[in-house]
Amino acid sequence: MRRILTILTMIFIAGIMYGQDITGQWNGIIKVQGMQLSLVFHITKSDSGLTSTMDSPDQKAFGIPVTSTTFENSKLKMVIATANIEYNGEFKSDNIAGTFKQSGQEFPLNLTKGIIEKEVIIRPQEPKKPYPYYSEDVKFRNNKDSITLAGTLTLPQKEGNFPAVILITGSGPQNRDEELMGHKPFLVLSDYLTRNGIAVLRFDDRGFGESEGNFQTATTFDFAADVESAVEYLKTRKEINKSKIGLAGHSEGGIIAPIVAAQMTDDIDFIVLLAGTGIRGDELLLLQQKLIYSASGVSEVDLRKILESNKKAFKLIQQSKDDKILEKELTEFIRETIKSDSTSIPEGMTEDDLVALQVSRITNPWMLNFIRYDPATALEKVKCPVLAVNGAKDLQVPPNENLSAIKNALDKGGNHNVTIMLFPNLNHLFQECNTGLPDEYGGIEQTFSPIALEDITNWIVKQTK
């Protein structure tokens with residue numbers, strides 16, 4: 001689940017004093033877990049001092065206000081309190097050399113008034129146009145929520161009647177290519193499938209890319225409704241074999257696929273769970289945190305504190321029947337935790353601000369639903385063939401616990417047409433890796449293991465014969 005990977009929500013910049021004019025527009029690129037994010041800072045001076053805003057074009061975020069901006073003795077400092085972000089830089093001629101900090105992590109961030117070009121990232125598997133197949137940008141309607149979704153349909157040939165797969169993205173706002181860390185896994189997967197005779201529909205998440213809707217208020221079930229709309233759309237296309245429509249979901253998409261398959265039994269011929277989950281959300285998050293923090297070098301003492309605190313918070317969520325009361329309970333719990341652990345309050349933020357921020361993160365609709373939801377409830381109702389695959393070094397959706405839970409749930413529902421594949425040395429993105437840690441994803445040239453691509457495709461082709 002990529003929510004644990006969130007680094008940027010807001011940022012900052014500014015400064016001027018002692019004759020050094022740093023007002024105007026400054027440009028920079030920050031490298032975060034293999035991604036390159038362009039930042040544009042706008043610095044202004046008024047009688048009351050310096051103010052600044054930031055644009056993050058890659059995230060389609062503009063005019064983000066900075067909490068405080070100071071510039072003294074060539075030293076620039078920026079703070080966005082609510083995001084626990086701090087920037088410190090030194091003005092040098094036409095450049096500012098500095099460091100961006102957030103939640104204990106530091107990244108170099110240098111700024112200039114000139115245009116900065118992103119480094120060319122080598123992704124050898126990414127297909128280049130012209131493709132040896134037909135590709136069409138499409139739009140379809142989710143009538144239930146009155147939104148239009150946008151995506152790409154690829155066909156082995158423009159004319160014909162083909163089996164089809166709908167690709168379902170993981171958590172966090174994703175475009176149709178499931179683009180992250182400079183990789184486009186769904187572009188690579190759809191290309192491989194289409195070259196092997198399978199039509200593929202992939203689409204932007206609601207409220208992201210060219211799709212309408214509000215991503216921030218959506219839950220897993222809302223995304224499932226979007227996939228149902230995609231199925232209905234494919235059924236209107238003459239090029240699609242309506243009796244051979246399957247779903248392939250990655251990560252959270254592996255939760256969504258069984259939900260849709262259980263509800264649309266007559267329409268879904270097979271499903272593929274790419275690092276899909278089989279255990280309840282709170283259990284998954286605790287297991288995920290334990291593995292990732294341990295592999296990252298967090299001490300056993302600190303890890304124990306984190307897990308114990310999260311267990312208590314998750315227990316409150318599981319037991320609560322009223323989200324308004326839950327919000328008050330979590331507010332009290334987090335306040336007590338901050339005091340007992342002597343948690344430092346970020347500059348520019350009060351204790352109340354920090355508590356409110358933590359409560360808002362855990363009580364948003366998606367998170368509450370995810371923590372409470374048990375994938376087994378839908379898996380037990382799935383009757384079509386299922387392929388469940390994982391990488392052995394997946395630290396986000398640990399394979400042993402989830403693959404066994406998926407199989408047990410399907411068995412309980414009487415579905416024995418189940419294939420399990422565990423790929424050695426692959427991570428959550430199905431890349432060949434060293435540690436499996438998320439911060440490794442962007443530095444790997446490979447987007448999707450060729451072995452995994454071949455085995456997954458062969459299974460799908462077999463189902464469509």
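Annotation: F448 is not in aromatic contact with Y192 [ring centroid separation under 6.0 Å not met]. Note: Y87 and F107 fail the aromatic proximity criterion, with ring centroids not under 6.0 Å apart.
For NZ of K244, the number of neighbouring non-hydrogen atoms (other residues, nucleotides, ligands) closer than 6.0 Å is greater than 12.
Tested against L187, the residues E126, E179, R123 include a single side chain to side chain contact (heavy atoms under 4.5 Å, CB included) partner, E126. Under the ring-ring contact (aromatic ring centres under 6.0 Å, His included) test applied with F203, the options F140, F208, Y233, F223 reduce to a single match, F140. Exactly one residue among R237, K158, R202 makes a salt bridge (charged side-chain N to carboxylate O under 4.0 Å, His left out) with E136. That residue is R237.
Between E232 and K235 there is a salt bridge, with a side-chain nitrogen of the basic residue lying less than 4.0 Å from a carboxylate oxygen of the acidic one. A salt bridge links D282 and R280; the closest N-O separation between the charged side-chain nitrogens and carboxylate oxygens is under 4.0 Å. The existence of a salt bridge linking R176 and D205 is excluded, since no basic side-chain nitrogen approaches an acidic carboxylate oxygen closer than 4.0 Å.
The CG atom of L189 sits 9.0 Å away from the OG1 atom of T194 when rounded to the nearest 0.5 Å. Taking OH of Y373 as the start and CD1 of I255 as the end, the distance is 7.5 Å to the nearest 0.5 Å. Rounded to the nearest 0.5 Å, atoms CG (L109) and OG1 (T99) are 8.5 Å apart.
Judged by distance alone, the side chains of D226 and S229 never bring a donor and an acceptor atom under 3.5 Å apart. When only modelled atom types and interatomic distance are considered, S299 and D302 share a side-chain donor-acceptor pair under 3.5 Å. E432 and Q446 share a donor-acceptor pair across their side chains, judged by distance under 3.5 Å alone. Side-chain N/O atoms of T148 and R141 include a donor and acceptor closer than 3.5 Å. Looking only at atom types and distance, the side chain of N161 has no donor-acceptor partner in the side chain of K238 under 3.5 Å away. Side-chain contact check for T277 and N402: no donor-acceptor pair (N or O, by modelled atom type) lies under 3.5 Å. With no hydrogens or angles considered, no side-chain donor-acceptor pair links D204 and N175 at under 3.5 Å. Residues S243 and N241 have side chains that bring a donor and an acceptor to within less than 3.5 angstrom of each other. In the model, Q396 has no side-chain atom that pairs as donor or acceptor with a side-chain atom of S251 under 3.5 Å. Between the side chains of W459 and E454, no donor-acceptor pair is found at a separation under 3.5 Å. Side-chain N/O atoms of N196 and T457 include no donor and acceptor closer than 3.5 Å. In this model, a donor atom of one side chain and an acceptor atom of the other lie less than 3.5 Å apart for N310 and Q289. Side-chain contact, D269 with Q463: no donor N or O sits under 3.5 Å from an acceptor N or O.
Side-chain atoms of S320 never come within 3.5 Å of backbone atoms of I317 as a donor-acceptor pair (strictly under, hydrogens ignored).
Residues L368 and D323 are in side-chain contact: their nearest non-hydrogen atoms beyond the backbone lie under 4.5 Å apart.
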